[in-house]
Amino acid sequence: MSLADLTPHRYPRPVRWAIDWLWRIEHAFERAKASGRPEDDARVRILVVLAFFAVLFGLIGGGAIFAAAFSDAGKKGSIASLPLSAKADLVDRNGQLLAANLTHYSLFLDPADVWSRRETRKELLARVPGLKPSKFNDVMNKGKRRVLVEGLTPEVRASIHDLGLPGVSFEESPRRVYPMGPLAAHLVGFSDPGGQGLQGAERGLMNEMRAGYISGEPVALSIDVRVQAALEEELAAAVSEFHPLNAVGIVTNVHTGEVIAMASLPEFDPNRFGKFDESQRKNRASAQLYEMGSTFKTFTVAAGLDTGVASMDSTFDARTPLKMGYRTIHDFHGTNRILTLGEVFNHSSNIGTAKLALGIGVDRLKHYYDALGLTRRPKLELFETATPLVPKVWNDDALASVSFGHGINVTPLAMAQAMGTLLNGGTFVPVTILKRPAGYQPQGARVFSEDTSRAMLRIMRGNVVEGTGRRADALGLSVGGKTGTGEKYDPTIRRYSSTKQVASFAAVFPTEGPLEAPRYFVLILLDEPTGGARTGGLVAAPAVGRVIDRSARFLGVPRQMQRPRFDIAAVHGRPNL
């Protein structure tokens, strides 16, 4: 009788069989002893142990076979098995090298094997750039094998190796290098010595670069180093003239969302990123918020046209300031007369823009700002992107302020994304730092009608022909744009400052041609320019014009030297005189 026989009602039949089998094994020795055959018990126990280990090793072997046959871990070429330093090169849209792995060497010194301290020090100091005698003496005095210097190039390593100095040895250490130095440094970013990306594309595109390492293909960024160089040089010239705290420049393709160039000053060198502080390494184009002022009038005017609240013939009385509760809205460029919609834009009238916004209404204008991506963090491959600061309560007071760019803080990148949506025919296209394939046709939500987009191209062109943006024009390229001069809020005086401003100019070219024609957006921003000139039209617009003039041929935009005279009356809603 077994234990299962004693309690048959407590267990199902298969369980009772297992219990009965274990019972018989456990009491095999008693039965064998009673029958006078104790050797049978030893055979049973050996058999059970062998069976147990056979099952155990079978499970382990089966797991190993499964992992080898079906798991990516350990497979040759799998991303998971690669070290962090295994990354593909970064190149610009034309294949120019921006970042690559280059084998460097660490020089080790073992004092126990050094025959002549004096001779070894003499030869190393002569061949290793930057090596100081104190560092050599310190390693020698430690008495143990230590790194004397890191980052030696193959040429330097070879010159030392050929000497055959006892106690001197080398180890390979892959190192990420940036051949362009400071050019596009804020966008390209940098990595730590182990290969982990810390900023820019080096951080945001780690998976793409590791996959590219396996395939043997570089990762192509959207930027063009020729346009990038022109942007950085003209931005640096503006900084040298007006001495702002910092400055930003952006060039984008409005149809694809590609960032063609992105600059942030002050600059830094990613090959020596540790020598620069966080303020210098910060990418202000994507990670710093600015109150960008009158450039926002572009969106308000577009919303007025798109909703039908206004037309080119609409007029707005700007003869007297607009009083709203406790505050009064004034015009910086006061005209003291009734303005058409085009004149509101060209003269950058705060009064006219606020009246237009009140006619559009809070819900509708906020809907446009949401659809343009101005109220949320841009979705970009860069990790360092900032979330906008928007009004906590959207009421008429907030609406009037936001309509001309006060009370809302966005990044220059978010501004470029929103402008691209307005100028490409009205479709929202996210910005990207990755090169798009030829013929790429993004699919996005429609924000503005095509008619509104065409009208805004004409209005922005009018602002350069006869408005605050005249200094941004470039011969034969039909530049359009909008100035922005945003007063900065000063917490020490708890109000906006009349001396601290953000000066910017947002431009598009060419404004002529069909909506599907190649078209680019350019933005220059200077934070707190000094001197007599501080407005966007005087500080930023000239730099924009020079960037466009230098970049057009690289972007394939032809100059139209002979074209009909621009009809400014169509913008103003008044007949030509």
Side-chain angles (χ1 to χ4, degrees), residues 289-311 314-334 338-339 341 344-345 347-378 386-411 414-415 417-419 421-422 428 445 447-448 452 456 482 484-491 493-498 500-502 504 506:
L289 301 172
Y290 297 94
E291 196 166 288
M292 300 185 65
S294 295
T295 52
F296 269 73
K297 292 172 183 172
T298 311
F299 308 125
T300 306
V301 170
L305 291 171
D306 206 59
T307 56
V309 169
S311 69
S314 298
T315 59
F316 301 85
D317 189 349
R319 291 176 293 183
T320 58
L322 176 62
K323 293 184 178 181
M324 295 187 63
Y326 68 92
R327 60 184 298 211
T328 302
I329 296 174
H330 300 270
D331 278 349
F332 185 80
H333 304 281
I338 297 175
L339 303 174
L341 183 65
V344 166
F345 190 84
H347 294 291
S348 201
S349 171
N350 293 340
I351 298 171
T353 306
K355 288 184 175 181
L356 173 60
L358 293 173
I360 297 170
V362 172
D363 292 339
R364 285 194 292 187
L365 190 60
K366 184 178 183 299
H367 167 76
Y368 279 104
Y369 279 32
D370 289 341
L372 289 167
L374 293 168
T375 59
R376 63 181 182 273
R377 180 174 178 263
T387 301
L389 293 177
V390 300
K392 294 182 178 180
V393 178
W394 286 80
N395 52 27
D396 286 349
D397 181 62
L399 183 71
S401 296
V402 168
S403 71
F404 50 83
H406 277 207
I408 183 168
N409 292 256
V410 301
T411 62
M415 170 62 69
Q417 181 175 255
M419 283 288 189
T421 299
L422 174 60
F428 179 81
V447 181
F448 295 106
T452 297
M456 291 309 301
K482 182 69 187 78
T485 308
E487 294 179 341
K488 296 181 68 172
Y489 184 80
D490 189 341
I493 60 177
R494 302 181 67 180
R495 59 182 173 84
Y496 283 92
S497 170
S498 60
K500 297 180 179 181
Q501 297 168 323
V502 175
S504 62

Distance, nearest 0.5 Å, that separates CG of Asn409 from CG of Leu374
12.0 Å
Checking Ser294 now: which residues fulfil side chain to side chain donor-acceptor pair (under 3.5 Å) with it, not counting sequence neighbours?
Lys297, Ser348
Smallest heavy-atom separation, Ala354 atom then Ser403 atom, equals CA-OG, 3.7 Å
Is Arg327 close to Ser401 at the side-chain level, that is, under 4.5 Å between some pair of heavy atoms?
yes
Closest non-hydrogen contact found for Phe316 with Gly352 is CD2-O, 3.8 Å
Which distance, rounded to the nearest 0.5 Å, do you find between the OG of Ser314 and the NZ of Lys355?
13.0 Å
Side-chain contact, heavy-atom cut-off 4.5 Å: Lys366 with Val390?
no
Show your working on side-chain contact (heavy atoms from CB on, under 4.5 Å) between Asp397 and Tyr326 and close with a plain yes or no.
CA-CA 10 Å; Asp397 181 62; Tyr326 68 92; 3.6 Å; yes
Side-chain donor or acceptor of Asp306 paired with backbone N/O of Thr452 under 3.5 Å:
no
Minimum heavy-atom distance between Pro388 and Val410, given as atom pair plus value:
CB-CG1, 4.1 Å
Applying ring-ring contact (aromatic ring centres under 6.0 Å, His included), name anything that partners Phe296, two or more places apart in sequence or on another chain.
Phe299, Tyr369
If you compare all heavy atoms of Asp396 against all heavy atoms of Met324, which two are closest, and at what distance to 0.1 Å?
O-CE, 3.5 Å
Is there side-chain contact between Val402 and Trp394, with heavy atoms separated by less than 4.5 Å?
yes
Can you name the closest pair of heavy atoms from Ile360 and Arg364 and give their distance?
O-NE, 2.9 Å
A quick test of your reading: do over 12 heavy atoms of other residues, nucleotides or ligands sit less than 6.0 Å from CG of Asp363?
no
Is any side-chain heavy atom of Glu291 closer than 4.5 Å to a side-chain heavy atom of Val502?
no
Close side-chain approach of Asn350 and His330, heavy atoms under 4.5 Å
no
Can you see which heavy atom on Ile329 is nearest to which on Ile351, and at what distance?
O-CG1, 3.6 Å
If you measure from CG on Leu322 to CG on Asp317, what distance do you get to the nearest 0.5 Å?
10.5 Å
Under 4.5 Å between any side-chain heavy atoms of Phe428 and Leu372, yes or no?
no
One should read off an interatomic distance between Met456 CE and Thr298 OG1, to the nearest 0.5 angstrom, of 5.5 Å
Quick one: are Tyr368 and Val447 in side-chain contact, heavy atoms under 4.5 Å?
yes
Please tell me if the side chains of Phe345 and Leu339 come closer than 4.5 Å, counting only heavy atoms from C-beta onward.
no
Distance (rounded to the nearest 0.5 Å) between Tyr290 OH and Thr411 OG1
10.0 Å
Would one find more than 12 heavy atoms of other residues, nucleotides or ligands at under 6.0 Å from atom CZ of Arg319?
no
Any chance you could lay out the side-chain contact (heavy atoms from CB on, under 4.5 Å) test for Leu422 and Phe448, step after step, and finish with the verdict?
CA-CA 7 Å; Leu422 174 60; Phe448 295 106; 3.7 Å; yes
Under the side-chain contact (heavy atoms from CB on, under 4.5 Å) criterion, do Asp331 and His347 qualify, and how do the steps go?
CA-CA 9 Å; Asp331 278 349; His347 294 291; over 6 Å; no
So, taking the atom named CG in Leu365 and the one named CG in Asp370, what distance separates them when rounded to the nearest 0.5 Å?
10.0 Å
